[in-house]
Amino acid sequence: QVQLVESGGGLVQAGGSLRLSCAASVSSFSISAMGWYRQPPGKQRELVATINSVYSTYYADSVKGRFTISRDNAKNTVYLQMNSLKPEDTAVYYCNAAATGSSGRVSTYWGQGTQVTVSS
């Protein structure tokens with residue numbers, strides 16, 4: 001069983017910063033890749049950034065140079081540092097994880113989401 005809980009969202013002015021956290025509670029699973037997605041109002045969910053078990057990262061073009069994804073395996077937590085925030089970054093941000101059970105089955109899990117609002 002894998003449960004993901006996001007935190008750190010809030011209201012910030014354009015140009016400001018926020019750091020999101022996603023804590024994973026696992027039982028009989030090994031988490032491999034983790035990532036952050038976001039869903040702006042009235043739009044589809046989109047990929048923001050990913051990080052795998054050997055700390056290789058990927059970023060969407062829209063956030064390159066501004067966002068940084070990291071993970072702390074000892075705390076089972078993934079982070080998203082967001083700098084130079086823009087109004088278009090406003091969205092519900094979701095944590096995602098791929099986990100492998102003892103049987104070798106790979107499953108994908110989602111957190112409940114945390115709201116990020118960037119004002120002009």
Side-chain angles (χ1 to χ4, degrees):
Q1 181 181 4
V2 177
Q3 292 182 305
L4 306 175
V5 180
E6 302 100 330
S7 63
L11 175 64
V12 66
Q13 285 191 304
S17 299
L18 285 173
R19 189 171 83 149
L20 306 183
S21 298
C22 174
S25 177
V26 301
S27 178
S28 300
F29 283 90
S30 177
I31 297 176
S32 54
M34 301 185 76
W36 288 95
Y37 290 72
R38 67 186 182 187
Q39 187 166 17
K43 299 178 67 177
Q44 296 294 111
R45 189 172 299 184
E46 63 186 21
L47 176 66
V48 176
T50 62
I51 184 167
N52 68 13
S53 60
V54 293
Y55 303 95
S56 178
T57 60
Y58 168 85
Y59 297 94
D61 288 342
S62 60
V63 305
K64 284 182 179 177
R66 299 189 298 120
F67 291 11
T68 302
I69 188 170
S70 61
R71 66 190 291 177
D72 185 337
N73 290 337
K75 297 181 179 180
N76 293 315
T77 301
V78 64
Y79 305 93
L80 185 68
Q81 178 66 46
M82 305 185 293
N83 299 325
S84 302
L85 284 162
K86 305 174 181 179
E88 50 263 45
D89 294 319
T90 295
V92 177
Y93 284 70
Y94 296 90
C95 180
N96 172 269
T100 303
S102 59
S103 66
R105 177 186 176 185
V106 179
S107 300
T108 300
Y109 299 87
W110 293 91
Q112 83 289 341
T114 185
Q115 177 70 48
V116 171
T117 302
V118 184
S119 65
S120 300

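Not measured: the values here are computed from a predicted model. Values reported hereafter were calculated over all heavy atoms of this structure, with side chains retained and with hydrogens, waters and symmetry mates removed.
- Between Arg71 and Ile31 there is a side-chain heavy-atom pair separated by less than 4.5 Å.
- Clustering ILVMFWY residues whenever any of their side-chain heavy atoms sit less than 4.5 angstrom apart, transitively, puts Leu80 in the very cluster that holds Val118.
- Dense packing is recorded around CD of Glu88, with more than 12 heavy atoms of other residues, nucleotides or ligands lying under 6.0 Å away.
- A donor-acceptor pair is defined here as one N or O able to donate and one able to accept, closer than 3.5 Å; no such pair exists between the side chain of Thr77 and the backbone of Ala23.
- Taking the six-membered ring where tryptophan is involved, the planes of Phe67 and Tyr93 are tilted, since the angle between them lies from 30° to 60°.
- In this structure, Phe29 and Ala99 approach most closely via the heavy-atom pair CD2-CB, 3.9 Å.
- Between Lys75 and Ser21 there is no side-chain heavy-atom pair separated by less than 4.5 Å.
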Problem - Chi angles and distances behind the side-chain contact (heavy atoms from CB on, under 4.5 Å) call for Tyr79, Asp72 - result: CA-CA 8 Å; Tyr79 305 93; Asp72 185 337; 4.1 Å; yes
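- Shown here for Leu4 and Ala24, the closest heavy-atom pair between the two residues is CD2-CB, 3.6 Å.
- Met34 and Val2 fall within the same hydrophobic cluster, defined by Ile, Leu, Val, Met, Phe, Trp and Tyr side-chain heavy atoms under 4.5 Å apart, directly or through other members.
- In this structure, the separation between CD on Gln115 and OG1 on Thr90 is 7.5 Å, given to the nearest 0.5 Å.
- Under a 3.5 Å cut-off, the side chain of Thr114 and the backbone N or O of Gly9 do form a donor-acceptor pair.
- Side-chain atoms of Gln39 do not come within 3.5 Å of backbone N or O of Ala91 as any donor-acceptor pair.
- To the nearest 0.5 angstrom, Asn83 atom CG is 6.5 Å from Thr68 atom OG1.
- Heavy atoms only, all atoms of each residue included: Gln112 and Val5 are closest at OE1-CA, 3.7 Å.
- At least one donor-acceptor pair closer than 3.5 Å links the side chain of Tyr59 to the backbone N or O of Ile69.
- Here the side chain of Glu6 pairs no donor or acceptor atom with the backbone of Cys22 at under 3.5 angstrom.
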Exercise for the section: Would you check, one step at a time, whether the test side-chain contact (heavy atoms from CB on, under 4.5 Å) holds for Arg38 with Val63? Expected result: CA-CA 12 Å; Arg38 67 186 182 187; Val63 305; 4.0 Å; yes
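- With hydrogens and angles ignored, the 3.5 Å screen pairs no side-chain donor or acceptor of Asn52 with any backbone N or O of Thr57.
- Looking at heavy atoms from C-beta onward, Met82 lies in side-chain contact with Val116 at the 4.5 angstrom threshold.
- In this structure, Ser120 OG and Gln13 CD are separated by 9.5 Å, a value rounded to the nearest 0.5 Å.
- At a threshold of 4.5 Å between side-chain heavy atoms, the hydrophobic network of Ile, Leu, Val, Met, Phe, Trp and Tyr places Val48 and Tyr55 in one connected group.
- Listed here is the closest heavy atom pair of Ala14 and Pro87: CB-CD, 4.2 Å.
- Salt bridge present: Lys64 and Asp61 bring a charged side-chain N and a carboxylate O closer than 4.0 Å.
- The two residues Asp89 and Ser84 have their closest heavy-atom pair at OD2-O, 4.5 Å.
- Side-chain atoms of Trp36 and Cys95, non-hydrogen and from C-beta on, do get closer than 4.5 Å to each other.
- Val92 and Leu47 end up in the same hydrophobic cluster when Ile, Leu, Val, Met, Phe, Trp and Tyr side chains are linked at under 4.5 Å.
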